Protein chains: 2
Amino acid sequence: MYHRCMKASPPPLRQQTRAVVRSLIAQTAMAVFAEKGYDETTVEEVAAAAGVSRRTLFNYFKSKEDLALSGLAEQGEKIAARFASSPPGEDIWESLSSAFRVLEEIETTSERRLEIVTLLFGSESLRAGHVEKQSRWQELLAPQIEERLPLSDHRSLEARAIAAAAITCLQAATEEWSRIGGRVDLFHLYDAAVQAVRRAH
Amino acid sequence: MYHRCMKASPPPLRQQTRAVVRSLIAQTAMAVFAEKGYDETTVEEVAAAAGVSRRTLFNYFKSKEDLALSGLAEQGEKIAARFASSPPGEDIWESLSSAFRVLEEIETTSERRLEIVTLLFGSESLRAGHVEKQSRWQELLAPQIEERLPLSDHRSLEARAIAAAAITCLQAATEEWSRIGGRVDLFHLYDAAVQAVRRAH
DNA sequence: CAGCATAATGCACTCAGTGCAATAGTCTGC
DNA sequence: GCAGACTATTGCACTGAGTGCATTATGCTG
């Protein structure tokens, strides 16, 4: 018998519908942002377009920024998962490079990715959040990297520095990729960036 | 004879007083933030503490965030200036390392620096702006770095990647430095971070 | 002192975000 | 199907950031 107060069993169905609705709202938001521009769009408009009240929208997303950047959190988790499944003996930078390639599998076409990236880089007010949210990937990657590092005084710092540097290279590559209109392979640019950082001059 | 409409000569005195007032307000703001916490302080309170109206405060700073982060812009310029004056033949990473050391000369004591850094890392809402603002240093450093780079297909990207990676290492080092209470040399940590990134594993 | 440019201010407004309380749904056991 | 309980949705009112505009204060030049 199920007692009424069984907090321990929050029907997974609820969670599931919640996730679906959330994803639906985010999709709608991205469409509106793409059309009107992020700064020129009010939360009110997004709510209307998604067919929910303003207040409900804030139940699903903690801020307007979140509407545009929630995808980045998922991407980070996928990258971390891919990295975790890489051969333990493999060179760290090799593993990172292939982990980042899951990005190719997430958004269907590269045109779509370009559209999103353009949006994220397009708004001054979004860029800060964008950079910060990607920096959070560091927290997922660093612990894994640390395990592969030889013993030293500052292993934790070293691991975080490596994760952060790799992410930074990806950001630089993405910005360049966006600048030239996505006409070359993003990961070719990423490799060039990493090479430049790690090569002695 | 000075004609009334001489737009070409905006008395440098004005600019000077403006800068002084601005700096004064920023100082006051930091004091209030340090005492009450950034998020718990309203712009109104900072204005009152500085003895100006809310509206005037917004004439000097474009946002509340700017009150806390305006110092970072100046730091960036000083770092870039120092980098510019480094021996042209010197290793880039060597030059970057010594350029960053101007930070030691800006804030008098390391206790003071620790206090500021703690404030910046302390607030969730400040961190994004903090990271983004430091990332802007990249725009000052990258052009200089590019000049020192050998010719290649993606020199501009490479330069930006190197600048960004160095800044990222500084951020990681600063965070670690803050975590352990400033008891070691920040630049020792920075060097360790750079070593970790650039060494093959 | 008179005139002028600029800084400071007050006021009213938009918009993001939050807390609270009322309502509408949905699922449960009976 | 129905009563009861839990949860999602919503409306409403409020705080606080940021902006535009019009008015007033200030300080400099002649």
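Keep in mind the model is a prediction, meaning the values are calculated, not measured. The chains referred to below are lettered A, B, ... by the order of the sequence lines, with proteins before strands, and numbering in each begins at 1.
Partners of A/Thr17 by side-chain hydrogen bond (donor to acceptor under 3.5 Å, both in side chains), not counting sequence neighbours: none found. Not a single ring-ring contact (aromatic ring centres under 6.0 Å, His included) links B/Phe187 to another residue, sequence neighbours left out. By the side chain to side chain contact (heavy atoms under 4.5 Å, CB included) test, A/Ile106 is found to be paired with A/Gln75, A/Lys78, A/Leu103, residues two or more places apart in sequence or in another chain being considered.
Taking 4.0 angstrom as the limit, A/Ser53 places a side-chain polar atom (N or O) nearer than this to OP1 or OP2 of D/dT10.
If you take CD of A/Gln16 and P of D/dT7, they are 18 Å apart, rounded to a whole angstrom. As a whole-Å value, the separation of A/Glu40 CD from C/dC15 P is 12 Å. Rounded to whole Å, the distance from CG on B/Asn59 to C1' on D/dC21 is 12 Å.
Using a 4.5 Å heavy-atom cutoff, the side chains of A/Asp66 and A/Ser63 are in contact.
Counting only residues at least two apart or in different chains, side-chain hydrogen bond (donor to acceptor under 3.5 Å, both in side chains) contacts with residues 170-184 of chain A comprise A/Gln134-A/Gln171, A/Glu176-A/Arg179, A/Glu176-B/Arg160. For the ring-ring contact (aromatic ring centres under 6.0 Å, His included) condition, the pairs that include at least one residue of residues 102-130 of chain A, sequence neighbours left out, are A/Phe121-A/His130. Among residue pairs with one or both ends in residues 101-111 of chain B, those qualifying as side-chain hydrogen bond (donor to acceptor under 3.5 Å, both in side chains) are B/Arg82-B/Glu105; sequence neighbours excluded. Listed by first and then second residue, the side-chain hydrogen bond (donor to acceptor under 3.5 Å, both in side chains) pairs involving residues 118-127 of chain A are A/Asp39-A/Ser123, A/Asp39-A/Ser125, A/Ser123-A/Ser125, A/Glu124-A/Arg127, A/Glu124-B/Arg136 (not counting sequence neighbours). The ring-ring contact (aromatic ring centres under 6.0 Å, His included) contacts involving residues 16-47 of chain B comprise B/Phe33-B/Tyr38, where partners must be two or more places apart or lie in separate chains. Pairs of residues two or more places apart, or lying in two chains, never qualify as ring-ring contact (aromatic ring centres under 6.0 Å, His included) while including a residue from residues 55-83 of chain A.
DNA chain C lies under 4.0 Å from no heavy atom of any residue of residues 18-37 of chain A. For residues 126-136 of chain A, proximity to DNA chain C is found at no residue, defined as any non-hydrogen atom under 4.0 angstrom from a strand atom.
Minimum atom distance to the side chain of B/Tyr60 is reached by C/dA7, of the listed D/dT10, C/dG10, C/dA7.
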Output a table of nitrogen or oxygen pairs between the protein and nucleotides 16-19 of chain C separated by less than 3.5 Å.
residue: C/dA16; atom: OP1; partner: A/Val43; partner atom: N; Å: 3.3
residue: C/dA16; atom: OP2; partner: A/Val43; partner atom: N; Å: 3.3
residue: C/dG17; atom: OP2; partner: A/Lys64; partner atom: N; Å: 2.5
residue: C/dG17; atom: N7; partner: A/Arg54; partner atom: NH1; Å: 3.3
residue: C/dG17; atom: N7; partner: A/Arg54; partner atom: NH2; Å: 2.8
residue: C/dG17; atom: O6; partner: A/Arg54; partner atom: NH2; Å: 2.8
residue: C/dG19; atom: N7; partner: A/Arg55; partner atom: NH2; Å: 2.7
residue: C/dG19; atom: O6; partner: A/Arg55; partner atom: NE; Å: 2.5

